Asker: 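After the structure tokens below, expect a handful of questions from me.
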Amino acid sequence: MQNRSPNAAEGIDVSRYQGTIDWKRVRADGKSFAFIKASQGQRYVDPTFITNAKGIKAAGILLGAYHFVDATSVNAAKAEARHFAEVLDQVGGAKALDLPAVMDYENNPEGLSSAAIHEVALAFITEFERVSGRKPMVYTGNAFAAHFKAPLGSYKLWIARYSTRVPGDTTAWKRWDFWQYSDSGRVDGIQGPVDLNVYVGTEAELRQAFVGEKGDEPMTAEEKAAFKALQQQVAALENSKDVLKQTLNEQSAYIKKVDQRVAELEARQAMPVPTWAKEAMAAAVAFNPASPIVDAKLPSSYDFYRLLVVLNRLGVFKTTK
């Protein structure tokens, strides 16, 4: 596999063992991304997961999360994948991560054959992709990677090799995306040792590489034009309450169109109403109780809830008597 590039983006990965972390100091120490442990097996949830996720976001660090695989069968692997997706829902789902969700498969305590290990891995990642709508990434050790067959090569690779020597080629991968090169690093804001990682490119390239992976399916040219028109209309509404009243019916009709588009994507983007959008959802439903413009019982996408909040703040859903 390839060597690391000059000026490559540096990051870390952590779990509960690192204790309380000052993420702003981590960012100031030059770390641009972090993978945090979310779950393991079919029940375990890392107790620092949510706290770390919030701290990372607040510090401007790119967020990733991983699940440690214990499964020894295909059915168990699928159950673990569903557990991982449910845990990620606590922070907005896999699409709320900046980096791909990670399947951490690195040991074989039950002595499975290479074929069985591959089947477990394939079952986990395909099930996770099905339930979350996001394509995950594979984390594994330099030697353990030899168990995986070519089909896994279509997934990004986070490889562990604690050395200055580059990881070796395998059947599935000839290059890595992230390289965990040390398990004894020292980073400001963290007490004790921590795993160190490097991305294949610079921080700018890292941010560019994952732009657009968190959202819906790509919009068509017509949808982009319509959305741009909506943004222009919202800007105009901010300047005039009178204009807002005059165009209220038009905006309501447009919201219905947006809702229809969201409904088409709900199989991949469905999430319950988040706390921060409940007020806007209630206002949208109350705007016309006889024929609500939204259905609060149906899960929708993050972007849809965000749009509701914006429109609510602009007073679109206010009624006049």
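Starting from 1, each residue takes its place in the sequence as its number. Everything numeric here is computed off the predicted structure, so don't read it as measured data.
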Asker: Check side chain to side chain donor-acceptor pair (under 3.5 Å) between Tyr17 and all other residues, then give those that pass, not counting sequence neighbours.
Answerer: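 If we apply the side chain to side chain donor-acceptor pair (under 3.5 Å) test to Tyr17, skipping adjacent residues, there are no hits.
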
Asker: Check side chain to side chain contact (heavy atoms under 4.5 Å, CB included) between Ala277 and all other residues, then give those that pass, not counting sequence neighbours.
Answerer: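 Expected list: Val273, Pro274, Tyr305, Val309.
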
Asker: Could you note down all residue pairs passing salt bridge (charged side-chain N to carboxylate O under 4.0 Å, His left out) where residues 32-47 supplies at least one of them, sequence neighbours left out?
Answerer: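 Listed once each, the pairs would be none.
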
Asker: Restricting to side chain to side chain contact (heavy atoms under 4.5 Å, CB included), what partner residues turn up for Pro47, sequence neighbours left out?
Answerer: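 Side chain to side chain contact (heavy atoms under 4.5 Å, CB included) check on Pro47 returns Arg16, Tyr44.
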
Asker: What verdict does the side-chain hydrogen bond (donor to acceptor under 3.5 Å, both in side chains) test give for Gln40 and Tyr66, after you've listed the backbone C-alpha separation in whole Å, the side-chain angles of each residue and the deciding distance to 0.1 Å?
Answerer: CA-CA 9 Å; Gln40 180 172 341; Tyr66 68 91; over 6 Å; no

Asker: Considering residues at least two apart in sequence or located in another chain, which fulfil the side chain to side chain donor-acceptor pair (under 3.5 Å) criterion with Trp158?
Answerer: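 Only Asn197 meet the side chain to side chain donor-acceptor pair (under 3.5 Å) criterion with Trp158.
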
Asker: Taking only residues two or more places apart in sequence or in another chain, which ones pass side chain to side chain donor-acceptor pair (under 3.5 Å) with Trp23?
Answerer: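 Listed in chain order: Asn52.
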
Asker: Sequence neighbours left out, what pairs pass salt bridge (charged side-chain N to carboxylate O under 4.0 Å, His left out) with at least one residue falling in residues 187-205?
Answerer: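 Residue pairs passing salt bridge (charged side-chain N to carboxylate O under 4.0 Å, His left out), neighbours aside: Arg25-Asp188, Arg27-Glu203, Glu203-Arg207.
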
Asker: Distance-only criterion, 3.5 Å: show the donor-acceptor pairs between side-chain atoms of residues 74-81 and protein atoms not counting sequence neighbours.
Answerer:
| from | atom 1 | to | atom 2 | distance (Å) |
| --- | --- | --- | --- | --- |
| Glu80 | OE1 | His67 | NE2 | 2.9 |
| Glu80 | OE1 | Asp70 | N | 3.2 |
| Glu80 | OE2 | Asp70 | N | 3.3 |
| Glu80 | OE2 | Ala71 | N | 2.8 |

Asker: So which pairs with a foot in residues 119-129 pass salt bridge (charged side-chain N to carboxylate O under 4.0 Å, His left out), sequence neighbours left out?
Answerer: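 Applying salt bridge (charged side-chain N to carboxylate O under 4.0 Å, His left out) to every pair that reaches into residues 119-129, excluding sequence neighbours, yields Arg82-Glu127, Glu127-Arg130.
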
Asker: Where do Leu112 and Ala116 come nearest, in terms of heavy atoms and distance?
Answerer: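 The answer is CB-CB, 4.0 Å.
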
Asker: Test: side-chain hydrogen bond (donor to acceptor under 3.5 Å, both in side chains). Region: residues 276-286. Which pairs qualify, not counting sequence neighbours?
Answerer: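 Of all non-adjacent pairs touching residues 276-286, none passes side-chain hydrogen bond (donor to acceptor under 3.5 Å, both in side chains).
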
Asker: Could you tell me whether the side chain of Val26 reaches within less than 4.5 Å of the side chain of Ile61, counting heavy atoms only?
Answerer: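 In short, these two side chains touch, coming nearer than 4.5 Å.
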
Asker: Kindly indicate whether the side chain of Val294, heavy atoms from C-beta on, has any atom under 4.5 Å from the side chain of Phe317.
Answerer: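 SC-SC contact between Val294 and Phe317 ruled out.
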
Asker: I need the full list of salt bridge (charged side-chain N to carboxylate O under 4.0 Å, His left out) pairs touching residues 165-184, with sequence neighbours left out, sorted by first then second residue.
Answerer: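 Qualifying pairs, neighbours excluded: none.
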
Asker: With a 3.5 Å cut-off and sequence neighbours excluded, list the donor-acceptor pairs that the side chains of residues 139-148 form with protein atoms.
Answerer:
| from | atom 1 | to | atom 2 | distance (Å) |
| --- | --- | --- | --- | --- |
| Tyr139 | OH | Gln180 | OE1 | 2.7 |
| Thr140 | OG1 | Tyr105 | O | 2.8 |
| Asn142 | OD1 | Gly168 | N | 2.9 |
| His147 | ND1 | Ser114 | OG | 2.6 |

